[in-house]
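Report on the structure given below.
Letters A, B, ... are given to chains in the order of the sequence lines, protein chains preceding strands, and every chain is numbered from 1. Basis for what follows: all heavy atoms, side chains included, without hydrogens, waters or symmetry-related copies.
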There are 2 protein chains.
Amino acid sequence: MRPLPELAPETLTLASVLYALGDPLRLELVRRVAADPGMTCAPGGLKVPKSTLTNHWRILREAGVIRMAADGRFRRIWLRAEELENRFPGLLDTVLRLSADEPMGAAVP
Amino acid sequence: MRPLPELAPETLTLASVLYALGDPLRLELVRRVAADPGMTCAPGGLKVPKSTLTNHWRILREAGVIRMAADGRFRRIWLRAEELENRFPGLLDTVLRLSADEPMGAAVP
DNA sequence: GAGAATAGTTCGTTAGTCCCGGACTATCGA
DNA sequence: TCGATAGTCCGGGACTAACGAACTATTCTC
């Protein structure tokens, strides 16, 4: 399971993390990976083209929100929860808590 | 001082608020209006064209982050702190707290 | 092993968005 | 009334996002 390159926590900026989280689909992806660490790229029930998903995962990765590792044919995905907590204490928890009862979160097709 | 139209709190979405906050300049504007409620549109020390500022304030307004009111030649601006706190408890506080010690925040030209 | 199937990426096109200069509107002061 | 000031509107050029099609890499089946 070879890890893919990622940003050092010091280089993350608050604005880029907020930007990455500021999209309904990406918020849903983050919610899912929080609930299912190690999930693969293709979430069930989302009617979104693969190439679009790749792009959204890339934005989350480049903002430092998630980590990916190649595992055979798959990419496994995790939140970088600890590093985010160290760099931006309370942010991820707050967003996950709030997105949990966002009606839109579940309504993403 | 005639208030300008704004969104009802119920219609705000977490993603659009995060998106509005997910830009270094807008984050700086939010920081400033938090420190100086009732400020006008043109902040000192920012070398940004007026039309660009108008656009960023509009995005913050349409996301429900700020309120504007016409006051003669000026627009006065406030955070919608209470409404945001009711709708998204803890979010604004967390972002303001984190942006306070973001090196980038102060470095916006 | 050959060949099909699967997970994901890359590329190119199209559509939409952002930035910013310049023109415009509204208000205030002289 | 005239000029100055605060902010908005508009249009074009640069940039970005979405998505289908082609591609790569790995696994499964025979």
Side-chain angles (χ1 to χ4, degrees), chain A residues 1-6 13 15-30 32-33 36-63 65-78 104 107-109, chain B residues 1-6 13 15-30 32-33 36-63 65-78 108-109:
Chain A
M1 187 133 65
R2 105 196 108 83
L4 299 172
E6 63 191 44
T13 70
S16 62
V17 171
L18 291 173
Y19 174 81
L21 298 173
D23 175 278
L25 177 57
R26 289 197 292 270
L27 214 41
E28 175 65 19
L29 294 177
V30 166
R32 290 187 182 216
V33 73
D36 180 17
M39 70 181 281
T40 58
C41 288
L46 291 186
K47 288 196 268 317
V48 181
K50 288 192 301 178
S51 55
T52 301
L53 268 182
T54 295
N55 198 42
H56 285 297
W57 285 123
R58 182 183 55 78
I59 290 169
L60 288 169
R61 180 160 37 81
E62 292 182 350
V65 176
I66 60 158
R67 158 177 305 137
M68 293 175 86
D71 177 17
R73 266 178 300 185
F74 306 92
R75 302 296 164 107
R76 304 237 165 252
I77 302 167
W78 297 266
M104 299 306 283
V108 174
Chain B
M1 187 132 67
R2 103 197 111 82
L4 299 172
E6 64 192 42
T13 71
S16 62
V17 171
L18 291 173
Y19 174 81
L21 298 173
D23 175 278
L25 177 57
R26 289 197 292 269
L27 214 42
E28 175 66 18
L29 294 177
V30 166
R32 290 186 182 216
V33 72
D36 180 18
M39 71 182 279
T40 59
C41 288
L46 291 186
K47 287 195 270 314
V48 181
K50 287 192 304 177
S51 55
T52 301
L53 269 182
T54 295
N55 198 42
H56 285 298
W57 286 124
R58 181 184 56 78
I59 290 171
L60 288 169
R61 181 159 38 82
E62 292 182 352
V65 177
I66 61 159
R67 158 177 305 135
M68 292 176 86
D71 176 18
R73 266 178 299 186
F74 306 93
R75 302 296 164 106
R76 304 238 164 251
I77 302 168
W78 297 265
V108 174

Rounded interatomic separation in angstrom, taking [atom1] from [X] and [atom2] from [N]:
{"X": "B:Trp57", "N": "D:dT8", "atom1": "CH2", "atom2": "C1'", "result": "15 Å"}
{"X": "B:Leu29", "N": "D:dG7", "atom1": "CG", "atom2": "P", "result": "12 Å"}
{"X": "A:Arg58", "N": "C:dT10", "atom1": "CZ", "atom2": "P", "result": "9 Å"}
{"X": "B:Leu53", "N": "D:dT5", "atom1": "CG", "atom2": "C1'", "result": "15 Å"}
{"X": "A:Asn55", "N": "D:dC19", "atom1": "CG", "atom2": "P", "result": "10 Å"}
{"X": "B:Asp23", "N": "D:dC15", "atom1": "CG", "atom2": "C1'", "result": "14 Å"}
{"X": "B:Leu46", "N": "D:dA6", "atom1": "CG", "atom2": "C1'", "result": "16 Å"}
{"X": "A:Leu60", "N": "C:dG8", "atom1": "CG", "atom2": "C1'", "result": "16 Å"}

Checklist line | Phosphate-side-chain proximity, A:Thr52 and D:dC19, N/O vs OP1/OP2 below 4.0 Å | finding: yes
Notebook entry, point to check: Under 4.0 Å: is that the gap between some side-chain N or O of B:Tyr19 and OP1 or OP2 of C:dC18?
Noted result: yes
Notebook entry, point to check: Counting distance only, does the side-chain N/O of B:Asp36 pair as donor-acceptor with the main-chain N or O of B:Met39 below 3.5 Å?
Noted result: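 No, because the side chain of B:Asp36 does not come within donor-acceptor range (under 3.5 Å) of the backbone of B:Met39.
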Note to self: Donor-acceptor pair, distance only, cut-off 3.5 Å: does the side chain of A:Trp57 make one with the backbone of A:Cys41?
What the structure shows: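 Pair found, side chain donor or acceptor close to backbone of A:Cys41.
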Would you tabulate the pairs of protein nitrogen or oxygen atoms and nucleotide nitrogen or oxygen atoms of nucleotides 12-14 of chain C closer than 3.5 angstrom?
none

Is any side-chain heavy atom of [Y] closer than 4.5 Å to one of [X]?
{"X": "B:Val30", "Y": "B:Leu60", "value": "yes"}
{"X": "B:Leu46", "Y": "B:Leu29", "value": "yes"}
{"X": "B:Leu53", "Y": "B:Pro43", "value": "yes"}
{"X": "B:Val48", "Y": "B:Leu25", "value": "yes"}

Nearest to the side chain of [X], which nucleotide is it out of [options]?
{"X": "A:Thr54", "options": "C:dG8, D:dA17, D:dA6", "result": "C:dG8"}
{"X": "A:His56", "options": "C:dC18, D:dA18, C:dC20", "result": "D:dA18"}
{"X": "A:Arg2", "options": "D:dC19, D:dT26, C:dT9", "result": "D:dT26"}

Check: Can you list every salt bridge (Lys or Arg N to Asp or Glu O under 4.0 Å) pair that touches residues 65-75 of chain B, not counting sequence neighbours?
Finding: B:Glu6-B:Arg67, B:Arg67-B:Glu83, B:Asp71-B:Arg76
Note to self: Both conditions, 6.0 Å and 45 degrees, for the charged tip of B:Arg26 above the ring of A:Tyr19: are they met here?
What the structure shows: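 Here B:Arg26 fails the 6.0 Å and 45° test against A:Tyr19.
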Item checked: Those residues of residues 67-77 of chain B lying under 4.0 Å from DNA chain D by at least one heavy atom -> B:Met68, B:Arg73, B:Phe74, B:Arg75
Checklist line | Taking every non-hydrogen atom, the tightest pair across B:Ala63 and B:Val17 | finding: O-CG2, 3.5 Å
Item checked: A:Ala20 to A:Val65 - nearest heavy-atom pair and separation ->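 Shortest heavy-atom separation between A:Ala20 and A:Val65 comes out as CB-CG2, 4.3 Å.
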Item checked: A:Asn55: side chain to side chain contact (heavy atoms under 4.5 Å, CB included) partners, not counting sequence neighbours ->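 Only A:Arg58, A:Ile59 meet the side chain to side chain contact (heavy atoms under 4.5 Å, CB included) criterion with A:Asn55.
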Next item on the list: Using the test side chain to side chain contact (heavy atoms under 4.5 Å, CB included), find all partners of A:Pro49 that sit at least two apart in sequence or belong to another chain.
Entry: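 In terms of side chain to side chain contact (heavy atoms under 4.5 Å, CB included), with neighbours along the sequence ignored, A:Pro49 is linked to A:Ser51, A:Thr52.
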Item checked: Residue closer to the 5' end of DNA chain D, A:Pro49 versus A:Ile59 (nearest nucleotide) -> A:Ile59
N/O-N/O pairs, protein side and nucleotides 10-13 of chain D side, under 3.5 Å:
none

